[in-house]
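Beneath this line is the structure, given in structure tokens, with notes to follow.
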Amino acid sequence: VQLQASGGGSVQAGGSLRLSCAASGRIFSSATMGWFRQAPGKEREFAAATSWAGGRVDYADSVKGRFTVSRDNAKNTIYLQMGSLKPEDTAVYYCVAGWGAAGTKAHEYAYWGQGTQVTVSS
């Protein structure tokens, strides 16, 4: 499986961005796909995830209520709609895929995209 993320950019605080991640290869119905992020000088952290079959989504507390993760199975694509962005959301965002009910730990995801930069200015 290869993951290609896009949609990053620069935005002012309070603004919105939508990230996309297109997956090539077969995505099993039991898979979990999602997003991690890494800010400068900080460790990589979980942001959001969704089960590929639907019915389960998870969010980090820091993004809950502002970010929405969704999927389009027909296009093999997941999205991260980010709203009410804050400067602390500035990070490289990575699209990830894991088999089974992956959670919030990086080691649970076997496949990682190349990352897309999101910069939020105050």
Side-chain angles (χ1 to χ4, degrees):
V1 173
Q2 290 187 325
L3 304 173
Q4 182 69 43
S6 61
S10 296
V11 65
Q12 290 192 328
S16 301
L17 279 174
R18 189 176 82 156
L19 305 183
S20 300
C21 175
S24 60
R26 183 176 178 183
I27 306 295
F28 291 95
S29 60
S30 60
T32 300
M33 294 186 68
W35 300 88
F36 278 71
R37 65 184 185 180
Q38 187 167 21
K42 294 188 177 181
E43 292 188 356
R44 200 168 293 188
E45 65 175 9
F46 172 79
T50 178
S51 57
W52 192 243
R56 182 175 66 89
V57 292
D58 291 310
Y59 296 99
D61 288 342
S62 58
V63 308
K64 201 172 292 183
R66 300 187 299 120
F67 291 11
T68 301
V69 62
S70 61
R71 75 200 192 285
D72 185 331
N73 298 57
K75 296 182 178 179
N76 263 18
T77 300
I78 66 166
Y79 305 95
L80 186 67
Q81 180 68 47
M82 305 184 293
S84 301
L85 283 162
K86 305 175 182 180
E88 50 263 45
D89 294 317
T90 295
V92 176
Y93 284 71
Y94 296 90
C95 177
V96 298
W99 303 141
T104 63
K105 304 299 183 185
H107 68 81
E108 297 178 280
Y109 295 88
Y111 301 95
W112 291 70
Q114 85 286 4
T116 185
Q117 177 71 46
V118 171
T119 303
V120 184
S121 58
S122 57

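By the side chain to side chain donor-acceptor pair (under 3.5 Å) test, T32 is found to be paired with R56, residues two or more places apart in sequence or in another chain being considered. Judged as a side chain to side chain contact (heavy atoms under 4.5 Å, CB included), and not counting sequence neighbours, the contacts of Q2 are S24. Under the salt bridge (charged side-chain N to carboxylate O under 4.0 Å, His left out) criterion, R44 pairs with no residue at all, not counting sequence neighbours. A search for side chain to side chain donor-acceptor pair (under 3.5 Å) contacts involving K64 returns D61, not counting sequence neighbours. Qualifying side chain to side chain donor-acceptor pair (under 3.5 Å) partners for Q4, counting only residues two or more places apart in sequence or in other chains: none. Partners of T119 by side chain to side chain contact (heavy atoms under 4.5 Å, CB included), not counting sequence neighbours, listed by chain and number: S10, T90, Q117. The side chain to side chain contact (heavy atoms under 4.5 Å, CB included) check on A39 picks up K42, A91, with sequence neighbours excluded. Annotation: side chain to side chain donor-acceptor pair (under 3.5 Å) contacts of S62 (sequence neighbours excluded): R37.
Sorted by first and then second residue, the disulfide (SG to SG under 2.5 Å) pairs involving residues 31-67 (not counting sequence neighbours) form an empty list. For residues 68-79, no pair satisfies salt bridge (Lys or Arg N to Asp or Glu O under 4.0 Å), with sequence neighbours left out. Sorted by first and then second residue, the disulfide (SG to SG under 2.5 Å) pairs with a member in residues 71-122 read C21-C95; sequence neighbours excluded.
Using a 30° and 60° split on the angle between ring planes, W112 and F36 fall in the tilted class, from 30° to 60°.
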Practice prompt. Check the pair F46, D58 against side-chain contact (heavy atoms from CB on, under 4.5 Å), reporting the backbone distance first and the verdict last.
Written response: CA-CA 9 Å; F46 172 79; D58 291 310; 3.8 Å; yes

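Between the side chain of T77 and the main chain of A22, no donor-acceptor pair closer than 3.5 Å is present. Remark: the backbone N or O of G103 is paired with a side-chain donor or acceptor of Y109 at under 3.5 angstrom.
What you find for A13 and S122 is that their closest heavy atoms are CB-CA, 4.3 Å. The shortest non-hydrogen separation linking T104 to E108 is N-OE1, 3.2 Å. The two residues S16 and Q81 come nearest to each other via the heavy atoms CB-NE2, 4.1 Å.
L85 forms part of a hydrophobic cluster together with V1, L3, V11, L17, L19, I27, F28, M33, W35, W52, V57, Y59, V63, F67, V69, I78, L80, M82, Y93, W99, Y111, V118, V120, judged by ILVMFWY side-chain heavy-atom separations under 4.5 Å.
Taken from OG in S121 to CD in Q12, the straight-line distance is 5.0 Å, to the nearest 0.5 Å.
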